[in-house]
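Everything on this sheet refers to the single structure shown next.
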Number of protein chains: 2
Amino acid sequence: MTGAPTRWGRMLEEAGIRTTSQRLLVLDGLGRHRLPVSAQQIHAELHEQGERVGLTTVYRTLTSLAAAGLVHTFTQAGEIVYRLCGPAKHHHLICRSCGLVIERVEEEAMAGFRAEEVYGTCATCAGTS
Amino acid sequence: MTGAPTRWGRMLEEAGIRTTSQRLLVLDGLGRHRLPVSAQQIHAELHEQGERVGLTTVYRTLTSLAAAGLVHTFTQAGEIVYRLCGPAKHHHLICRSCGLVIERVEEEAMAGFRAEEVYGTCATCAGTS
DNA sequence: CAATGAAACGATAATGGATTTCATTGCTGT
DNA sequence: ACAGCAATGAAATCCATTATCGTTTCATTG
Ligand SMILES: [Zn+2]
Ligand SMILES: [Zn+2]
Ligand SMILES: [Zn+2]
Ligand SMILES: [Zn+2]
């Protein structure tokens with residue numbers, strides 16, 4: 001794991017997570033998606049791609065990435081999905097219909113309530129009624 | 001199941017759901033909570049109370065109540081929770097910390113996004129930081 | 001009041017996502 | 001090279017939810 005200070009490697013390093021080939025693969029898998037994805041999906045894609053990473057390791061990696069704040073997690077149809085988000089502090093608008101996630105930087109307070117995740121319908125999907 | 005046109009009985013009738021003793025018990029269990037509760041919790045409480053309602057029936061009842069729009073469902077810690085809500089069209093502010101649910105009637109649109117459920121931190125819990 | 005059939009019930013089994021266990025493997029520093 | 005510790009992954013387990021399927025309830029009909 002020495003040499004090439006790749007984007008993912010730097011990310012892990014800064015988060016205090018030791019770099020391993022499996023973790024790089026998981027990050028790589030995550031990075032290919034704009035929409036949040038499940039651990040199982042990441043695992044399946046890596047497998048298709050010929051990479052052998054245990055499902056357990058995928059779960060563990062995603063959990064520690066989430067704990068470090070590098071990825072954010074949501075719940076969709078009863079399962080946990082993960083998304084590689086930007087570094088700026090933000091909250092989320094998540095479309096229940098198409099899965100789109102919008103990162104929102106502006107503080108959003110309604111009735112003293114601090115919003116963290118807003119589930120609803122995006123403008124596009126609302127038009128498609 | 002004849003006679004007494006109770007609050008729950010009327011509710012079921014209006015929703016086109018046949019009234020049964022089990023369904024009344026489930027509604028009664030729900031009605032005792034302001035915070036959303038899980039099917040298992042309802043079932044456990046009914047059991048403690050000496051009532052014998054099958055867990056399957058509790059699940060089925062809650063599902064049909066939700067389909068009829070009488071109860072709204074949320075996800076907390078990986079499980080589905082149910083809440084008897086008011087009749088007015090509304091969306092929800094749900095505190096991740098204390099579970100409080102605020103019914104919001106005002107239309108809330110941010111960037112063309114129609115909010116349905118807003119998860120975050122309520123004013124009280126935000127103060128307790 | 002007995003017969004009938006549809007709907008509801010509920011014990012049990014099955015499902016499926018997520019976590020735990022534990023033996024093995026691979027770094028890391030001496 | 002070696003000890004110590006972290007990481008891995010197959011298998012076992014957990015746990016909420018759903019599916020199965022035989023039984024029960026209940027409104028209707030004759
Ligand atoms: Zn995010
Ligand atoms: Zn959408
Ligand atoms: Zn509601
Ligand atoms: Zn709160």
Side-chain angles (χ1 to χ4, degrees), chain A residues 1-4 8-9 12-13 15-30 36-47 49-68 71-83, chain B residues 1-5 8-9 11-13 15-30 36-47 49-68 70-71 73-83:
Chain A
M1 246 20 55
T2 26
W8 306 136
L12 289 170
E13 204 172 335
I17 299 174
R18 187 183 297 181
T19 301
T20 69
S21 62
Q22 289 93 337
R23 287 170 182 167
L24 289 175
L25 283 169
V26 170
L27 266 176
D28 208 45
L30 264 182
V37 287
S38 70
Q40 314 238 19
Q41 192 174 340
I42 293 278
H43 177 256
E45 289 176 6
L46 289 178
H47 201 266
Q49 178 183 333
E51 304 289 354
R52 269 313 145 53
V53 183
L55 178 57
T56 312
T57 298
V58 175
Y59 271 109
R60 273 192 291 237
T61 299
L62 290 172
T63 300
S64 50
L65 289 175
V71 311
H72 288 149
T73 67
F74 314 103
T75 298
Q76 276 174 14
E79 67 180 10
I80 307 174
V81 290
Y82 303 81
R83 181 174 186 273
Chain B
M1 240 28 51
T2 25
W8 307 137
M11 214 174 233
L12 288 171
E13 203 172 333
I17 299 174
R18 186 186 298 183
T19 302
T20 68
S21 62
Q22 291 93 336
R23 287 171 181 166
L24 289 174
L25 284 168
V26 169
L27 266 175
D28 208 45
L30 265 181
V37 287
S38 70
Q40 315 239 17
Q41 191 174 339
I42 293 277
H43 177 255
E45 288 176 7
L46 289 178
H47 201 268
Q49 178 183 332
E51 304 289 355
R52 275 303 148 54
V53 182
L55 178 57
T56 309
T57 298
V58 174
Y59 272 109
R60 272 192 292 234
T61 299
L62 290 171
T63 300
S64 51
L65 289 175
L70 291 180
V71 311
T73 66
F74 314 103
T75 297
Q76 274 173 17
E79 68 181 9
I80 307 174
V81 289
Y82 303 81
R83 181 174 186 274

Grab the CD1-C1' distance between A:Ile80 and D:dC15 for me, whole Å please. 13 Å
Looking only at non-hydrogen atoms, find the nearest pair between B:Gly54 and B:His43 and report the distance. C-CD2, 3.9 Å
Separation of B:Arg52 atom CZ from D:dT24 atom C1', in whole Å? 17 Å
Quick one: A:His43 NE2 to C:dG17 P, roughly how many Å, whole number? 13 Å
State the CG-CG distance between B:Leu46 and B:Leu55, to the nearest 0.5 angstrom. 10.5 Å
Can you tell me which nucleotide in D:dT17, C:dC9, D:dG9 comes closest to the side chain of B:Arg60? C:dC9
So which atom in B:Ser38 and which in B:Glu79 form the shortest heavy-atom distance, rounded to 0.1 Å? CB-OE2, 3.7 Å
Rounded to the nearest 0.5 Å, how far apart are OG1 of B:Thr19 and CG of B:Leu12? 4.5 Å
Provide, to the nearest angstrom, the distance between the CD1 atom belonging to A:Ile42 and the P atom belonging to C:dG17. 15 Å
In whole angstrom, give the distance that lies between atom CD of A:Glu51 and atom P of D:dG9. 11 Å
Between B:Ala39 and A:Thr61, which residue's closest nucleotide on DNA chain D lies nearer the 5′ terminus? A:Thr61
Using a 3.5 Å cut-off and no angle test, enumerate the donor-acceptor pairs between side-chain atoms of residues 59-68 of chain A and protein atoms at least two apart in sequence or in another chain.
unit_1  : atom_1 : unit_2  : atom_2 : d
A:Tyr59 : OH     : A:Gln40 : NE2    : 3.3
A:Thr61 : OG1    : A:Thr57 : O      : 2.8
A:Thr63 : OG1    : A:Tyr59 : O      : 2.8
A:Ser64 : OG     : A:Arg60 : O      : 3.2
A:Ser64 : OG     : A:Thr61 : O      : 3.1

Taking all non-hydrogen atoms of both residues, which atom of A:Arg23 and which atom of A:Arg18 are closest, and how far apart? NH1-O, 2.9 Å
Fill in the dot-bracket string of DNA chain D, one character per base: . for unpaired, | for a pair to another strand, ( ) or [ ] for pairs within the strand, taking Watson-Crick or G-U pairs under 3.5 Å. ||||||||||||||||||||||||||||||
Any side-chain heavy atom of A:Asp28 within less than 4.5 Å of one from A:Leu24? no
On the nucleotide C:dT19, are OP1 or OP2 found under 4.0 Å from the side-chain N or O atoms that A:Tyr59 carries? no
Under 3.5 Å between N/O atoms: give me all the protein pairs with nucleotides 3-7 of chain D, atom names plus distance.
unit_1 : atom_1 : unit_2  : atom_2 : d
D:dA7  : OP1    : A:Arg23 : NH1    : 3.3

Check every strand shown and say whether A:Leu55 touches a base, only sugar-phosphate, or nothing at a heavy-atom separation below 4.0 Å. nothing
Rounding to an integer number of Å, can you tell me how far B:Gln40 CD sits from D:dT18 P? 11 Å
When the distance from CZ of A:Phe74 to P of C:dA18 is rounded to whole Å, what number comes out? 15 Å
Take the protein atom CD of B:Glu79 and the nucleotide atom P of D:dC15, then report the distance between them rounded to whole Å. 12 Å
Identify which one of B:Val37, B:Leu70, B:Leu25 satisfies the side chain to side chain contact (heavy atoms under 4.5 Å, CB included) criterion when paired with B:Leu30. B:Val37
